[in-house]
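First comes the structure, then the notes that go with it.
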Amino acid sequence: MIPLSYYLLLSLILFAIGIAGVLLRRNIIIVLMSLELIFNSVNLSLVAFAHFLQSMTGRIFVVFTITVAAAEVAVGLAILIAVYRQRKTVYVDELNEMRG
Amino acid sequence: MEKIFFFMFAGAAVASAIAVVSIRNPVHSAVFLMSCFLQTAALFVLLRSPFLAAVQVFIYVGAVIVLFLFAVMVLDLGRERFGEHLHRQKPVALAVIIGLVLVMGIGISQGRLEAPIGEYTEEAIMKNTEVMGKLLYTKYLFPFEVVSLLLLVALIGAIVLTMKEKK
């Protein structure tokens, strides 16, 4: 039997790698991929908690999280393509018009 | 035995996640992201949720990765030049990440599970898909409907956003 903390530590490591991708990379596609990594790590910890608490709520919640993540990717990539048509760049530090 | 498989999948997942954020070619990143999602699906099987593993493979590997690959191909990004793929905010970001890992790692290693244990034991969860389907269509019917509406909105939104404006 694998203890819960192993799953949580794995989830933490994946989460940290995802945060690192969001904060460090300039390419907006990689930033979106890192967001997916973060979603994925959270799903993992939700399922781990559901398994160790012998509950179904976490597993049901993961179904909804996956749906929202799929919707987020569709809209995010649509925004990305619209931005690329306008600005011809995918680097997040060059898209700073909304900064105050 | 289960532990060996856990460490195998966990190691592969962490390695491919690191590859996703460190490789400069976006197509290779997408393929490594797919590998990471497959490892997570395997971990879902270890956590006795085969339905979620199937959903993970269908939606993430089947749909999300293909969307990413389409976007990369459409935009024709190609390789980034060396030293160009990282932000200038690197030191601050690294400090934040290390702080996060330290705080949450201490929290996880010190923490204890004290919530009440539910009714779904390993025997009750044997018919995983059936149990989930029944719950989705009874107790969680309202969020289920809301999510279907959300998907419709996202579909229309994605089409509207990528439509070319008529002159």
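Per chain, numbering begins at 1; letters A, B, ... match sequence-line order.
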ask   = What option among A:Ile66, A:Ile60, A:Thr67 has the most heavy-atom pairs under 4.5 Å with chain B?
value = A:Ile60
message = Once rounded to the nearest 0.5 Å, what's the spacing between atom CG of B:Asn128 and atom CE of A:Met56?
response = 5.0 Å
Where A:Ala74 and B:Ala158 come nearest, the two heavy atoms and their spacing = O-CB, 4.0 Å
key: Which of B:Val55, B:Val96, B:Ile159, B:Val14 touches chain A most, by non-hydrogen pairs under 4.5 Å   = B:Val14
task = May I ask you to check whether B:Tyr60 and A:Phe39 place their ring centres under 6.0 Å from each other?
result = no
inquiry  = If I take atom OG from residue A:Ser5 and atom CD from residue B:Gln110, how far apart are they, to the nearest 0.5 angstrom?
reply    = 11.5 Å
ask   = Of the backbone (N, CA, C, O) and the side chain (C-beta and beyond), which part of A:Ile13 lies under 4.5 Å from a heavy atom of chain B, both, or neither?
value = side chain
ask   = What residues form a ring-ring contact (aromatic ring centres under 6.0 Å, His included) with B:Phe7, not counting sequence neighbours?
value = A:Tyr6
remark   = In terms of heavy-atom pairs under 4.5 Å with chain A, the winner among B:Gly105, B:Ser49, B:Ser109 is B:Ser49
query = Could you state the interatomic distance from CG (A:Asn40) to CZ (B:Phe37), rounded to the nearest 0.5 Å?
reply = 5.0 Å
query = In Å, rounded to the nearest 0.5 Å, how long is the span from CG of A:Leu8 to CD1 of B:Ile108?
reply = 5.0 Å
task = Find the one option among A:Glu36, A:Met33, A:Arg85 whose heavy-atom pairs under 4.5 Å with chain B are most numerous.
result = A:Met33
request  = Establish whether A:Val68 and B:Leu152 are linked, either directly or via other cluster members, by ILVMFWY side-chain heavy-atom contacts under 4.5 Å.
outcome  = no
task = Taking all heavy atoms of A:Leu14 and all of B:Ala13, pick out the closest pair and write down the distance.
result = CD2-O, 3.9 Å
task = Give the C-alpha distance, both sets of side-chain angles, the deciding distance and a yes or no for side-chain contact (heavy atoms from CB on, under 4.5 Å) between B:Val74 and A:Tyr84.
result = CA-CA 10 Å; B:Val74 165; A:Tyr84 188 76; over 6 Å; no
message = If you compare all heavy atoms of B:Ala93 against all heavy atoms of A:Leu24, which two are closest, and at what distance to 0.1 Å?
response = CB-CD2, 3.8 Å
ask   = Heavy atoms, side chains only, cut-off 4.5 Å: are B:Tyr140 and A:Val63 in contact?
value = no
query = Among A:Thr57, A:Val62, A:Leu44, who wins on heavy-atom pairs under 4.5 Å with chain B?
reply = A:Leu44
inquiry  = Counting heavy-atom pairs closer than 4.5 Å to chain A, which one of B:Gly157, B:Ala10, B:Gly111 comes out on top?
reply    = B:Ala10
key: B:Glu2 CD: over 12 foreign heavy atoms closer than 6.0 Å   = yes
ask   = Of the backbone (N, CA, C, O) and the side chain (C-beta and beyond), which part of A:Val31 lies under 4.5 Å from a heavy atom of chain B, both, or neither?
value = neither
Chain A interface, residue from B:Leu150, B:Leu161, B:Leu47 that has the most non-hydrogen pairs under 4.5 Å = B:Leu47
inquiry  = Between A:Leu9 and chain B, with a heavy-atom cut-off of 4.5 Å, which part of the residue counts as in contact: side chain, backbone, both or neither?
reply    = both
ask   = Are A:Leu77 and B:Thr162 close enough that some pair of their side-chain heavy atoms sits under 4.5 Å apart?
value = no
message = Counting only non-hydrogen atoms closer than 4.5 Å, does A:Leu53 touch chain B with its backbone (N, CA, C, O), its side chain (CB onward), both, or neither?
response = both
remark   = Distance col, row A:Arg25:CZ vs B:Arg24:CZ, nearest 0.5 angstrom, shows 8.5 Å
ask   = Which answer fits A:Ile17, side chain, backbone, both or neither, if we ask what part of it has an atom under 4.5 Å from a heavy atom of chain B?
value = both
query = Under a 4.5 Å heavy-atom cut-off, does chain A meet the side chain of B:Ile117, its backbone, both or neither?
reply = both
query = Between B:Pro26 and A:Ile30, what is the shortest heavy-atom contact and its length?
reply = CA-CD1, 4.2 Å
Proximity breakdown for B:Ala63 and chain A, heavy-atom pairs closer than 4.5 Å = neither
Per-residue contact mode, B:Met1 against chain A (heavy atom under 4.5 angstrom) = neither
request  = Below 4.5 Å from any heavy atom of chain A, which atoms of B:Leu67 appear? Answer side chain, backbone, both or neither.
outcome  = both
task = Say whether A:Leu46 and B:Val45 are linked into one hydrophobic cluster, either directly or through other cluster members, by side-chain heavy-atom distances under 4.5 angstrom.
result = no
task = Please check if atom CZ in B:Phe32 has more than 12 non-hydrogen atoms from other residues, nucleotides or ligands closer than 6.0 Å.
result = no
request  = Check the hydrophobic clustering (I, L, V, M, F, W, Y; side-chain heavy atoms under 4.5 Å; chains of links allowed) and say if B:Met8 and B:Ile18 are grouped together.
outcome  = yes
message = Please determine whether residues B:Val66 and A:Leu35 belong to a single hydrophobic cluster, defined as Ile, Leu, Val, Met, Phe, Trp and Tyr linked transitively by side-chain heavy-atom distances below 4.5 Å.
response = no
ask   = Heavy-atom distance under 4.5 Å to chain B: side chain of A:Phe49, backbone, both or neither?
value = side chain
query = When only pairs under 4.5 Å are counted, which of A:Val73, A:Val75, A:Val47 shares the most heavy-atom pairs with chain B?
reply = A:Val47
key: Selection from A:Leu80, A:Ile79, A:Leu37 maximising heavy-atom pairs under 4.5 Å formed with chain B   = A:Leu37
ask   = Roughly how far, to the nearest 0.5 Å, is CG of B:Leu43 from CG of A:Asn43?
value = 12.0 Å
task = Heavy atoms only: give me the nearest A:Ala70-B:Ile59 pair and the separation to one decimal.
result = CB-CG2, 4.0 Å
key: Cluster link B:Tyr137 to B:Leu135, ILVMFWY, side chain under 4.5 Å   = yes
ask   = For B:Phe68 and A:Ile29, which heavy atoms make the closest approach, and how far apart are they?
value = CE2-O, 4.0 Å
key: Student check: side-chain heavy atoms of A:Tyr7 and B:Leu46 closer than 4.5 Å   = yes
